[in-house]
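Quick notes on the structure that follows.
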Protein chains: 2
Amino acid sequence: MTGIDLGNETENSIFEAALDVFSRKGKHGARMQEIADTAGINKAMLHYYFRSKDLLYESVLGHVAHHFFSALEDAMSRPGPFTDVLGQMVGVYLDMHAANPAVARLWIQENLNGAPVAERILKQRKQSGAPGPHRLMRRIEQAVDAGEIKPTEPIQLMITVLGMTVMSFISQPTMKTLDPAAMADQAAFLKRRKKHIVEVLTHGLAS
Amino acid sequence: MTGIDLGNETENSIFEAALDVFSRKGKHGARMQEIADTAGINKAMLHYYFRSKDLLYESVLGHVAHHFFSALEDAMSRPGPFTDVLGQMVGVYLDMHAANPAVARLWIQENLNGAPVAERILKQRKQSGAPGPHRLMRRIEQAVDAGEIKPTEPIQLMITVLGMTVMSFISQPTMKTLDPAAMADQAAFLKRRKKHIVEVLTHGLAS
DNA sequence: ATACGTTTTAACCATATGGTTAATTCATCG
DNA sequence: CGATGAATTAACCATATGGTTAAAACGTAT
(Lines give C-alpha, C1' and ligand atoms only; values in the text may rest on other atoms or scores of the structure.)
Protein backbone atom coordinates (compact mmCIF):
# COMPACT_ATOMS: atom_id res chain seq x y z
CA MET A 1 0.00 0.00 0.00
CA THR A 2 2.79 2.44 0.84
CA GLY A 3 5.60 0.80 -1.11
CA ILE A 4 7.69 0.86 2.06
CA ASP A 5 9.10 -2.49 3.21
CA LEU A 6 10.73 -3.01 6.57
CA GLY A 7 11.60 -6.60 5.71
CA ASN A 8 9.20 -8.32 8.07
CA GLU A 9 5.53 -9.14 7.64
CA THR A 10 4.54 -8.16 11.17
CA GLU A 11 6.65 -5.04 11.16
CA ASN A 12 5.09 -3.93 7.89
CA SER A 13 1.56 -4.39 9.17
CA ILE A 14 2.44 -2.38 12.28
CA PHE A 15 3.95 0.31 10.10
CA GLU A 16 0.90 0.68 7.89
CA ALA A 17 -1.48 0.66 10.82
CA ALA A 18 0.60 3.21 12.69
CA LEU A 19 0.80 5.48 9.66
CA ASP A 20 -2.95 5.37 9.28
CA VAL A 21 -3.83 5.93 12.93
CA PHE A 22 -1.16 8.59 13.55
CA SER A 23 -2.28 10.47 10.45
CA ARG A 24 -5.89 10.60 11.62
CA LYS A 25 -5.52 11.12 15.35
CA GLY A 26 -2.11 12.73 15.61
CA LYS A 27 0.81 11.66 17.76
CA HIS A 28 -1.01 12.43 21.02
CA GLY A 29 -4.46 11.26 20.01
CA ALA A 30 -3.33 7.93 18.57
CA ARG A 31 -3.72 4.91 20.89
CA MET A 32 -1.31 2.03 20.83
CA GLN A 33 -4.23 -0.37 21.25
CA GLU A 34 -5.95 1.03 18.17
CA ILE A 35 -2.77 0.65 16.14
CA ALA A 36 -2.42 -2.95 17.32
CA ASP A 37 -6.06 -3.69 16.49
CA THR A 38 -5.74 -2.11 13.04
CA ALA A 39 -2.65 -4.20 12.39
CA GLY A 40 -4.38 -7.28 13.77
CA ILE A 41 -1.62 -8.11 16.23
CA ASN A 42 -0.90 -8.10 19.95
CA LYS A 43 -0.13 -4.73 21.46
CA ALA A 44 3.12 -6.02 22.95
CA MET A 45 4.48 -6.45 19.42
CA LEU A 46 4.48 -2.70 18.94
CA HIS A 47 6.97 -2.38 21.79
CA TYR A 48 8.87 -5.47 20.74
CA TYR A 49 9.62 -3.98 17.33
CA PHE A 50 9.60 -0.24 18.01
CA ARG A 51 10.20 0.08 21.77
CA SER A 52 7.88 3.04 22.43
CA LYS A 53 5.17 5.22 20.95
CA ASP A 54 7.67 8.03 20.36
CA LEU A 55 10.06 5.81 18.45
CA LEU A 56 7.26 4.23 16.43
CA TYR A 57 6.08 7.68 15.43
CA GLU A 58 9.56 8.79 14.54
CA SER A 59 10.19 5.68 12.48
CA VAL A 60 6.98 6.15 10.53
CA LEU A 61 7.70 9.80 9.84
CA GLY A 62 11.28 9.08 8.79
CA HIS A 63 10.43 6.33 6.33
CA VAL A 64 7.54 8.27 4.87
CA ALA A 65 9.72 11.35 4.39
CA HIS A 66 12.38 9.34 2.59
CA HIS A 67 9.87 7.67 0.30
CA PHE A 68 8.12 10.92 -0.47
CA PHE A 69 11.18 13.04 -1.16
CA SER A 70 12.70 10.40 -3.38
CA ALA A 71 9.64 10.43 -5.60
CA LEU A 72 9.60 14.20 -5.63
CA GLU A 73 13.27 14.36 -6.54
CA ASP A 74 12.57 12.03 -9.41
CA ALA A 75 9.82 14.23 -10.87
CA MET A 76 11.86 17.36 -10.26
CA SER A 77 14.96 16.16 -12.06
CA ARG A 78 13.39 15.37 -15.40
CA PRO A 79 14.56 17.61 -18.25
CA GLY A 80 12.33 20.06 -20.09
CA PRO A 81 10.96 23.55 -19.48
CA PHE A 82 10.15 24.38 -15.89
CA THR A 83 6.43 24.74 -16.50
CA ASP A 84 6.45 21.10 -17.62
CA VAL A 85 8.41 20.14 -14.53
CA LEU A 86 5.79 21.92 -12.44
CA GLY A 87 3.11 19.87 -14.14
CA GLN A 88 5.06 16.68 -13.44
CA MET A 89 5.41 17.58 -9.81
CA VAL A 90 1.77 18.38 -9.40
CA GLY A 91 1.00 15.04 -11.00
CA VAL A 92 3.34 13.19 -8.64
CA TYR A 93 1.92 14.94 -5.60
CA LEU A 94 -1.65 14.15 -6.59
CA ASP A 95 -0.89 10.54 -7.52
CA MET A 96 1.10 9.81 -4.39
CA HIS A 97 -1.43 11.26 -2.05
CA ALA A 98 -4.25 9.60 -3.94
CA ALA A 99 -2.49 6.25 -3.48
CA ASN A 100 -1.95 6.95 0.20
CA PRO A 101 -3.58 10.04 1.71
CA ALA A 102 -2.15 9.15 5.10
CA VAL A 103 1.20 10.60 4.10
CA ALA A 104 -0.21 14.08 3.57
CA ARG A 105 -2.27 13.82 6.73
CA LEU A 106 0.76 12.82 8.75
CA TRP A 107 2.81 15.73 7.52
CA ILE A 108 -0.01 18.10 8.40
CA GLN A 109 -0.32 16.58 11.86
CA GLU A 110 3.36 17.14 12.41
CA ASN A 111 3.03 20.80 11.48
CA LEU A 112 -0.01 21.32 13.67
CA ASN A 113 2.18 20.07 16.47
CA GLY A 114 5.06 22.42 15.66
CA ALA A 115 6.92 19.84 13.57
CA PRO A 116 9.68 19.06 16.09
CA VAL A 117 10.30 15.60 14.67
CA ALA A 118 10.10 16.71 11.05
CA GLU A 119 12.58 19.48 11.76
CA ARG A 120 15.22 17.00 12.90
CA ILE A 121 14.59 14.78 9.89
CA LEU A 122 14.76 17.66 7.40
CA LYS A 123 17.96 19.10 8.82
CA GLN A 124 19.59 15.70 8.77
CA ARG A 125 18.57 15.09 5.16
CA LYS A 126 19.83 18.50 4.10
CA GLN A 127 23.18 17.93 5.79
CA SER A 128 23.62 14.46 4.32
CA GLY A 129 22.66 15.68 0.84
CA ALA A 130 19.68 13.29 0.66
CA PRO A 131 16.70 14.24 -1.49
CA GLY A 132 14.62 16.90 0.19
CA PRO A 133 12.77 20.15 -0.31
CA HIS A 134 15.97 22.23 -0.27
CA ARG A 135 16.80 20.85 -3.70
CA LEU A 136 13.44 21.94 -5.03
CA MET A 137 14.10 25.45 -3.73
CA ARG A 138 17.30 25.57 -5.77
CA ARG A 139 15.52 24.35 -8.85
CA ILE A 140 12.92 27.11 -8.56
CA GLU A 141 15.67 29.72 -8.19
CA GLN A 142 17.28 28.47 -11.38
CA ALA A 143 13.98 28.65 -13.24
CA VAL A 144 13.54 32.26 -12.14
CA ASP A 145 17.12 33.13 -13.10
CA ALA A 146 16.66 31.52 -16.50
CA GLY A 147 13.51 33.59 -17.01
CA GLU A 148 11.32 30.49 -17.30
CA ILE A 149 8.85 31.86 -14.79
CA LYS A 150 8.16 35.28 -13.34
CA PRO A 151 10.38 36.37 -10.43
CA THR A 152 9.07 34.35 -7.50
CA GLU A 153 10.30 33.55 -4.02
CA PRO A 154 10.96 29.80 -4.04
CA ILE A 155 9.22 29.34 -0.73
CA GLN A 156 6.08 31.06 -2.00
CA LEU A 157 5.82 28.69 -4.92
CA MET A 158 6.46 25.71 -2.67
CA ILE A 159 3.68 26.68 -0.30
CA THR A 160 1.40 27.35 -3.25
CA VAL A 161 2.00 23.99 -4.92
CA LEU A 162 1.81 22.18 -1.60
CA GLY A 163 -1.36 24.00 -0.68
CA MET A 164 -3.17 23.39 -3.94
CA THR A 165 -2.31 19.70 -4.02
CA VAL A 166 -2.37 18.62 -0.38
CA MET A 167 -5.52 20.60 0.34
CA SER A 168 -7.30 18.56 -2.35
CA PHE A 169 -7.11 15.59 0.00
CA ILE A 170 -7.22 17.19 3.40
CA SER A 171 -10.38 19.16 2.68
CA GLN A 172 -12.30 16.26 1.19
CA PRO A 173 -14.56 15.61 4.17
CA THR A 174 -15.73 19.22 4.10
CA MET A 175 -15.94 19.40 0.33
CA LYS A 176 -17.98 16.23 0.13
CA THR A 177 -20.73 17.85 2.15
CA LEU A 178 -20.44 20.97 0.02
CA ASP A 179 -20.58 19.43 -3.44
CA PRO A 180 -21.08 15.67 -3.23
CA ALA A 181 -21.56 15.34 -6.98
CA ALA A 182 -18.18 16.84 -7.86
CA MET A 183 -16.35 14.64 -5.37
CA ALA A 184 -18.16 11.37 -5.99
CA ASP A 185 -15.74 9.98 -8.57
CA GLN A 186 -12.33 10.41 -6.96
CA ALA A 187 -10.29 9.59 -10.06
CA ALA A 188 -12.27 11.96 -12.26
CA PHE A 189 -12.09 14.67 -9.65
CA LEU A 190 -8.32 14.40 -9.41
CA LYS A 191 -7.98 14.55 -13.17
CA ARG A 192 -9.91 17.82 -13.26
CA ARG A 193 -8.01 18.96 -10.21
CA LYS A 194 -4.66 18.52 -11.91
CA LYS A 195 -5.81 20.42 -14.97
CA HIS A 196 -7.10 23.25 -12.82
CA ILE A 197 -3.90 23.52 -10.80
CA VAL A 198 -1.67 23.60 -13.86
CA GLU A 199 -3.90 26.20 -15.51
CA VAL A 200 -3.84 28.43 -12.45
CA LEU A 201 -0.10 28.05 -11.95
CA THR A 202 0.74 28.91 -15.52
CA HIS A 203 -1.91 31.39 -16.71
CA GLY A 204 -4.18 32.24 -13.81
CA LEU A 205 -7.95 32.54 -13.96
CA ALA A 206 -8.50 36.06 -15.28
CA SER A 207 -10.36 35.79 -18.57
CA MET B 1 -8.06 37.49 20.77
CA THR B 2 -10.76 35.71 18.77
CA GLY B 3 -13.42 38.39 18.88
CA ILE B 4 -15.86 35.78 20.18
CA ASP B 5 -17.58 36.58 23.45
CA LEU B 6 -19.62 34.09 25.44
CA GLY B 7 -20.62 36.73 27.97
CA ASN B 8 -18.62 35.42 30.90
CA GLU B 9 -14.98 35.98 31.80
CA THR B 10 -14.32 32.38 32.84
CA GLU B 11 -16.24 30.93 29.93
CA ASN B 12 -14.25 33.06 27.51
CA SER B 13 -10.91 31.97 28.92
CA ILE B 14 -12.00 28.34 28.68
CA PHE B 15 -13.10 28.92 25.12
CA GLU B 16 -9.79 30.43 24.04
CA ALA B 17 -7.77 27.77 25.79
CA ALA B 18 -9.88 24.99 24.31
CA LEU B 19 -9.57 26.45 20.82
CA ASP B 20 -5.82 26.60 21.16
CA VAL B 21 -5.33 23.13 22.60
CA PHE B 22 -7.88 21.41 20.35
CA SER B 23 -6.30 23.04 17.31
CA ARG B 24 -2.85 21.73 18.19
CA LYS B 25 -3.59 18.30 19.59
CA GLY B 26 -6.90 17.47 17.94
CA LYS B 27 -10.09 16.35 19.62
CA HIS B 28 -8.62 13.04 20.79
CA GLY B 29 -5.16 14.28 21.68
CA ALA B 30 -6.33 17.29 23.68
CA ARG B 31 -6.37 16.83 27.47
CA MET B 32 -8.96 18.51 29.65
CA GLN B 33 -6.27 19.20 32.23
CA GLU B 34 -4.13 21.01 29.68
CA ILE B 35 -7.08 23.15 28.62
CA ALA B 36 -7.77 24.00 32.25
CA ASP B 37 -4.11 24.86 32.88
CA THR B 38 -3.96 27.01 29.75
CA ALA B 39 -7.08 28.85 30.86
CA GLY B 40 -5.69 29.13 34.37
CA ILE B 41 -8.77 27.64 36.03
CA ASN B 42 -9.88 24.51 37.81
CA LYS B 43 -10.62 21.51 35.62
CA ALA B 44 -14.08 21.12 37.11
CA MET B 45 -15.06 24.44 35.57
CA LEU B 46 -14.79 22.92 32.11
CA HIS B 47 -17.55 20.49 33.00
CA TYR B 48 -19.49 23.11 34.90
CA TYR B 49 -19.77 25.28 31.80
CA PHE B 50 -19.60 22.79 28.95
CA ARG B 51 -20.60 19.43 30.50
CA SER B 52 -18.18 17.21 28.54
CA LYS B 53 -15.19 17.20 26.24
CA ASP B 54 -17.43 16.41 23.26
CA LEU B 55 -19.73 19.34 23.93
CA LEU B 56 -16.83 21.70 24.57
CA TYR B 57 -15.31 20.73 21.25
CA GLU B 58 -18.62 21.13 19.45
CA SER B 59 -19.19 24.52 21.02
CA VAL B 60 -15.77 25.76 19.99
CA LEU B 61 -16.17 24.53 16.43
CA GLY B 62 -19.63 26.02 16.11
CA HIS B 63 -18.70 29.48 17.33
CA VAL B 64 -15.54 29.56 15.26
CA ALA B 65 -17.44 28.55 12.14
CA HIS B 66 -20.00 31.28 12.66
CA HIS B 67 -17.36 33.94 13.22
CA PHE B 68 -15.33 32.83 10.25
CA PHE B 69 -18.15 32.54 7.74
CA SER B 70 -19.58 35.89 8.73
CA ALA B 71 -16.29 37.59 7.95
CA LEU B 72 -16.01 35.69 4.69
CA GLU B 73 -19.52 36.64 3.70
CA ASP B 74 -18.67 40.25 4.33
CA ALA B 75 -15.63 40.20 2.05
CA MET B 76 -17.51 38.24 -0.58
CA SER B 77 -20.46 40.58 -0.79
CA ARG B 78 -18.57 43.75 -1.61
CA PRO B 79 -19.27 45.15 -5.07
CA GLY B 80 -16.69 45.32 -7.84
CA PRO B 81 -15.16 42.95 -10.38
CA PHE B 82 -14.70 39.38 -9.21
CA THR B 83 -10.92 39.47 -9.40
CA ASP B 84 -11.05 42.27 -6.84
CA VAL B 85 -13.40 40.24 -4.69
CA LEU B 86 -10.94 37.38 -4.89
CA GLY B 87 -8.22 39.71 -3.65
CA GLN B 88 -10.44 40.86 -0.80
CA MET B 89 -11.15 37.31 0.20
CA VAL B 90 -7.52 36.32 0.13
CA GLY B 91 -6.79 39.32 2.30
CA VAL B 92 -9.50 38.41 4.78
CA TYR B 93 -8.32 34.80 4.97
CA LEU B 94 -4.74 35.83 5.57
CA ASP B 95 -5.60 38.52 8.11
CA MET B 96 -7.99 36.35 10.07
CA HIS B 97 -5.64 33.40 10.28
CA ALA B 98 -2.75 35.71 11.10
CA ALA B 99 -4.76 37.12 13.99
CA ASN B 100 -5.69 33.65 15.17
CA PRO B 101 -4.04 30.68 13.45
CA ALA B 102 -5.90 28.31 15.75
CA VAL B 103 -9.02 28.65 13.62
CA ALA B 104 -7.33 27.23 10.53
CA ARG B 105 -5.67 24.51 12.57
CA LEU B 106 -8.96 23.49 14.10
CA TRP B 107 -10.67 23.19 10.75
CA ILE B 108 -7.80 21.05 9.48
CA GLN B 109 -7.98 18.84 12.56
CA GLU B 110 -11.67 18.32 11.93
CA ASN B 111 -10.99 17.24 8.37
CA LEU B 112 -8.20 14.88 9.36
CA ASN B 113 -10.76 13.27 11.58
CA GLY B 114 -13.38 12.93 8.85
CA ALA B 115 -15.16 16.18 9.78
CA PRO B 116 -18.21 14.58 11.41
CA VAL B 117 -18.91 17.61 13.59
CA ALA B 118 -18.21 20.14 10.84
CA GLU B 119 -20.58 18.28 8.54
CA ARG B 120 -23.49 18.73 10.93
CA ILE B 121 -22.66 22.40 11.39
CA LEU B 122 -22.35 23.10 7.66
CA LYS B 123 -25.60 21.34 6.77
CA GLN B 124 -27.42 23.22 9.46
CA ARG B 125 -26.05 26.57 8.30
CA LYS B 126 -26.96 25.83 4.70
CA GLN B 127 -30.50 24.89 5.65
CA SER B 128 -30.99 27.93 7.84
CA GLY B 129 -29.58 30.24 5.19
CA ALA B 130 -26.76 31.42 7.47
CA PRO B 131 -23.50 32.60 5.92
CA GLY B 132 -21.47 29.65 4.72
CA PRO B 133 -19.34 28.31 1.89
CA HIS B 134 -22.38 27.43 -0.24
CA ARG B 135 -22.90 31.14 -0.86
CA LEU B 136 -19.35 31.51 -2.08
CA MET B 137 -19.91 28.65 -4.52
CA ARG B 138 -22.86 30.55 -6.01
CA ARG B 139 -20.81 33.71 -6.29
CA ILE B 140 -18.10 31.87 -8.23
CA GLU B 141 -20.69 30.42 -10.58
CA GLN B 142 -22.00 33.88 -11.28
CA ALA B 143 -18.52 35.19 -11.99
CA VAL B 144 -17.97 32.38 -14.49
CA ASP B 145 -21.34 32.99 -16.14
CA ALA B 146 -20.60 36.70 -16.40
CA GLY B 147 -17.29 35.89 -18.07
CA GLU B 148 -15.31 37.56 -15.29
CA ILE B 149 -13.04 34.53 -14.94
CA LYS B 150 -12.30 31.51 -17.07
CA PRO B 151 -14.76 28.61 -16.80
CA THR B 152 -13.93 27.04 -13.46
CA GLU B 153 -15.60 24.53 -11.16
CA PRO B 154 -16.50 26.50 -8.03
CA ILE B 155 -15.19 23.76 -5.78
CA GLN B 156 -11.82 23.78 -7.53
CA LEU B 157 -11.37 27.47 -6.93
CA MET B 158 -12.47 27.10 -3.33
CA ILE B 159 -9.91 24.39 -2.65
CA THR B 160 -7.27 26.44 -4.43
CA VAL B 161 -7.89 29.61 -2.45
CA LEU B 162 -8.21 27.67 0.77
CA GLY B 163 -5.05 25.74 0.04
CA MET B 164 -2.92 28.74 -0.87
CA THR B 165 -4.01 30.74 2.16
CA VAL B 166 -4.42 28.16 4.91
CA MET B 167 -1.25 26.34 3.95
CA SER B 168 0.69 29.55 4.55
CA PHE B 169 0.04 29.07 8.25
CA ILE B 170 -0.14 25.33 8.59
CA SER B 171 3.21 24.73 6.91
CA GLN B 172 5.08 27.37 8.87
CA PRO B 173 6.95 25.00 11.18
CA THR B 174 8.35 23.13 8.18
CA MET B 175 9.01 26.26 6.15
CA LYS B 176 10.84 27.91 9.01
CA THR B 177 13.44 25.17 8.96
CA LEU B 178 13.60 25.45 5.18
CA ASP B 179 14.02 29.19 4.79
CA PRO B 180 14.27 30.90 8.18
CA ALA B 181 15.13 34.26 6.64
CA ALA B 182 11.99 34.46 4.53
CA MET B 183 9.74 33.55 7.45
CA ALA B 184 11.41 35.63 10.14
CA ASP B 185 9.20 38.71 9.79
CA GLN B 186 5.66 37.33 9.83
CA ALA B 187 3.95 40.55 8.75
CA ALA B 188 6.32 41.09 5.84
CA PHE B 189 6.02 37.49 4.80
CA LEU B 190 2.23 37.69 4.72
CA LYS B 191 2.35 40.85 2.67
CA ARG B 192 4.49 39.13 0.04
CA ARG B 193 2.31 36.07 0.37
CA LYS B 194 -0.84 37.98 -0.50
CA LYS B 195 0.77 39.56 -3.54
CA HIS B 196 1.99 36.17 -4.72
CA ILE B 197 -1.40 34.52 -4.31
CA VAL B 198 -3.27 37.25 -6.17
CA GLU B 199 -0.70 37.21 -8.97
CA VAL B 200 -0.95 33.44 -9.36
CA LEU B 201 -4.74 33.45 -9.20
CA THR B 202 -5.12 36.14 -11.83
CA HIS B 203 -2.21 35.72 -14.26
CA GLY B 204 -0.21 32.64 -13.29
CA LEU B 205 3.55 32.37 -13.17
CA ALA B 206 4.48 31.69 -16.80
CA SER B 207 6.71 34.52 -18.00
C1' DA C 1 13.79 -35.71 19.21
C1' DT C 2 15.85 -31.86 21.53
C1' DA C 3 18.09 -27.83 22.46
C1' DC C 4 18.14 -22.89 21.44
C1' DG C 5 17.04 -18.40 19.91
C1' DT C 6 13.19 -15.73 18.14
C1' DT C 7 8.37 -14.38 17.89
C1' DT C 8 3.93 -14.03 20.10
C1' DT C 9 0.63 -13.92 23.81
C1' DA C 10 -2.00 -12.93 28.10
C1' DA C 11 -1.81 -11.01 32.38
C1' DC C 12 -0.27 -7.40 34.83
C1' DC C 13 1.34 -2.53 36.64
C1' DA C 14 1.68 2.41 37.49
C1' DT C 15 -0.04 6.35 35.92
C1' DA C 16 -3.05 9.52 33.24
C1' DT C 17 -7.54 10.78 32.00
C1' DG C 18 -12.53 12.25 31.71
C1' DG C 19 -15.76 13.03 34.82
C1' DT C 20 -18.24 13.58 39.62
C1' DT C 21 -19.21 15.39 44.13
C1' DA C 22 -19.34 17.51 48.49
C1' DA C 23 -17.70 21.27 50.60
C1' DT C 24 -16.26 26.21 50.30
C1' DT C 25 -16.03 30.85 48.61
C1' DC C 26 -18.28 34.69 46.56
C1' DA C 27 -21.65 38.01 45.22
C1' DT C 28 -26.12 39.96 45.78
C1' DC C 29 -30.28 41.29 47.84
C1' DG C 30 -33.49 41.68 51.76
C1' DC D 1 -25.78 41.36 59.00
C1' DG D 2 -27.65 36.90 57.21
C1' DA D 3 -29.53 34.17 53.74
C1' DT D 4 -29.74 32.43 49.20
C1' DG D 5 -28.03 30.93 44.81
C1' DA D 6 -24.15 30.84 41.69
C1' DA D 7 -19.11 30.15 41.06
C1' DT D 8 -15.03 27.68 42.43
C1' DT D 9 -12.11 24.27 44.55
C1' DA D 10 -9.92 19.93 46.17
C1' DA D 11 -10.48 15.30 46.66
C1' DC D 12 -12.06 11.45 44.66
C1' DC D 13 -13.58 7.52 41.22
C1' DA D 14 -13.72 4.27 37.40
C1' DT D 15 -11.58 3.44 33.44
C1' DA D 16 -8.12 3.95 29.69
C1' DT D 17 -3.45 4.08 28.48
C1' DG D 18 1.62 3.25 27.65
C1' DG D 19 4.55 0.00 28.92
C1' DT D 20 6.51 -4.53 31.17
C1' DT D 21 7.11 -9.41 31.94
C1' DA D 22 7.02 -14.25 32.37
C1' DA D 23 5.57 -17.89 30.00
C1' DA D 24 4.14 -20.17 25.78
C1' DA D 25 4.52 -21.09 20.74
C1' DC D 26 7.33 -21.41 16.86
C1' DG D 27 11.07 -22.28 13.80
C1' DT D 28 15.37 -24.52 12.93
C1' DA D 29 19.77 -26.54 13.11
C1' DT D 30 21.98 -30.48 15.22
Side-chain angles (χ1 to χ4, degrees), chain A residues 4-63 102 106 109-110 112-114 116-117 120, chain B residues 4-63 102 106 109-110 112-114 116-117 120:
Chain A
I4 295 173
D5 186 15
L6 307 188
N8 171 309
E9 180 74 20
T10 308
E11 225 169 322
N12 283 341
S13 71
I14 293 177
F15 183 89
E16 303 233 341
L19 171 57
D20 190 66
V21 176
F22 276 133
S23 78
R24 290 180 201 282
K25 309 289 179 70
K27 184 179 173 179
H28 303 281
R31 306 292 130 134
M32 295 298 267
Q33 189 61 58
E34 188 182 351
I35 295 176
D37 291 347
T38 304
I41 50 112
N42 190 289
K43 178 165 72 92
M45 301 308 290
L46 303 185
H47 296 95
Y48 181 74
Y49 282 108
F50 296 89
R51 287 196 88 85
S52 70
K53 194 185 186 184
D54 278 338
L55 289 177
L56 173 57
Y57 181 79
E58 196 158 333
S59 172
V60 169
L61 199 65
H63 280 96
L106 189 70
Q109 291 277 10
E110 247 301 283
L112 291 173
N113 220 359
V117 185
R120 273 212 316 284
Chain B
I4 295 172
D5 186 14
L6 307 187
N8 171 308
E9 180 74 22
T10 308
E11 224 169 323
N12 283 341
S13 72
I14 294 177
F15 183 89
E16 302 233 343
L19 170 58
D20 190 67
V21 176
F22 276 134
S23 78
R24 290 180 200 282
K25 308 289 178 68
K27 183 179 174 179
H28 304 283
R31 306 294 139 160
M32 295 298 267
Q33 188 62 59
E34 189 182 350
I35 295 176
D37 291 347
T38 304
I41 50 115
N42 190 288
K43 179 165 72 90
M45 300 307 290
L46 303 185
H47 296 94
Y48 182 74
Y49 283 107
F50 296 89
R51 286 197 87 83
S52 71
K53 194 185 185 184
D54 278 339
L55 288 178
L56 174 56
Y57 181 79
E58 197 158 331
S59 172
V60 169
L61 200 64
H63 280 96
L106 189 70
Q109 290 278 9
E110 247 300 283
L112 291 172
N113 222 357
V117 185
R120 271 211 318 283

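Below, read A as the first sequence line, B as the second, and so on, with proteins coming before strands; counting in each chain starts at 1. Hydrogens, waters and symmetry mates are skipped; everything else that's a heavy atom, side chains included, is used.
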Notebook entry, point to check: Are OP1 or OP2 of D:dT8 and a side-chain N or O of B:Y49 less than 4.0 angstrom apart?
Noted result: yes
Check: If only side-chain N and O atoms of B:T10 are considered, is one of them under 4.0 Å from the OP1 or OP2 phosphate oxygen of D:dA7?
Finding: no
Side-chain touch [X]/[Y], heavy atoms, less than 4.5 angstrom:
{"X": "A:L112", "Y": "B:L112", "value": "yes"}
{"X": "A:I35", "Y": "A:L56", "value": "yes"}
{"X": "B:F50", "Y": "B:E58", "value": "no"}

Could you please name the option among [options] that lies closest to any side-chain atom of [X]?
{"X": "B:R31", "options": "C:dT17, D:dT20, D:dT17", "result": "C:dT17"}
{"X": "B:S52", "options": "C:dG19, D:dT17, D:dG19", "result": "C:dG19"}
{"X": "B:N42", "options": "C:dG18, C:dT9, D:dA10", "result": "D:dA10"}
{"X": "A:A44", "options": "D:dA7, C:dG19, D:dT20", "result": "D:dT20"}

[N] [atom2] sits how many Å from [X] [atom1], rounded?
{"X": "A:D37", "N": "D:dT17", "atom1": "CG", "atom2": "C1'", "result": "13 Å"}
{"X": "B:I41", "N": "D:dT8", "atom1": "CD1", "atom2": "P", "result": "8 Å"}
{"X": "B:Y48", "N": "C:dG19", "atom1": "OH", "atom2": "P", "result": "18 Å"}
{"X": "A:I14", "N": "C:dT7", "atom1": "CD1", "atom2": "P", "result": "12 Å"}
{"X": "A:K25", "N": "D:dA16", "atom1": "NZ", "atom2": "P", "result": "15 Å"}
{"X": "B:H47", "N": "D:dT8", "atom1": "NE2", "atom2": "P", "result": "16 Å"}
{"X": "A:D54", "N": "D:dG19", "atom1": "CG", "atom2": "C1'", "result": "12 Å"}
{"X": "B:I35", "N": "C:dA16", "atom1": "CD1", "atom2": "C1'", "result": "15 Å"}

Margin query: Can you say whether a donor on the side chain of A:K53 sits under 3.5 Å from an acceptor on the base of D:dG19, or the other way round?
Written below: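 No such pair is found, so the answer is no.
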Check: Does the B:R31 side chain pair with the main chain of B:G29, one donor and one acceptor, at a distance under 3.5 Å?
Finding: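 Here the side-chain-to-backbone pair exists.
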Note to self: Any side-chain to backbone donor/acceptor pair from A:S59 onto A:L55? Under 3.5 Å, distance only.
What the structure shows: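 Pair absent, no side-chain N/O of A:S59 close to backbone of A:L55.
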Next item on the list: Answer with base, sugar-phosphate or nothing: what part of the nucleic acid does B:A36 contact at a heavy-atom distance below 4.0 Å?
Entry: nothing
Margin query: Applying a 4.0 Å non-hydrogen cut-off, can you work out what A:M45 is touching in the nucleic acid: base, sugar-phosphate, or nothing?
Written below: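 Base: the residue A:M45, judged by heavy atoms under 4.0 Å, touches a nucleobase.
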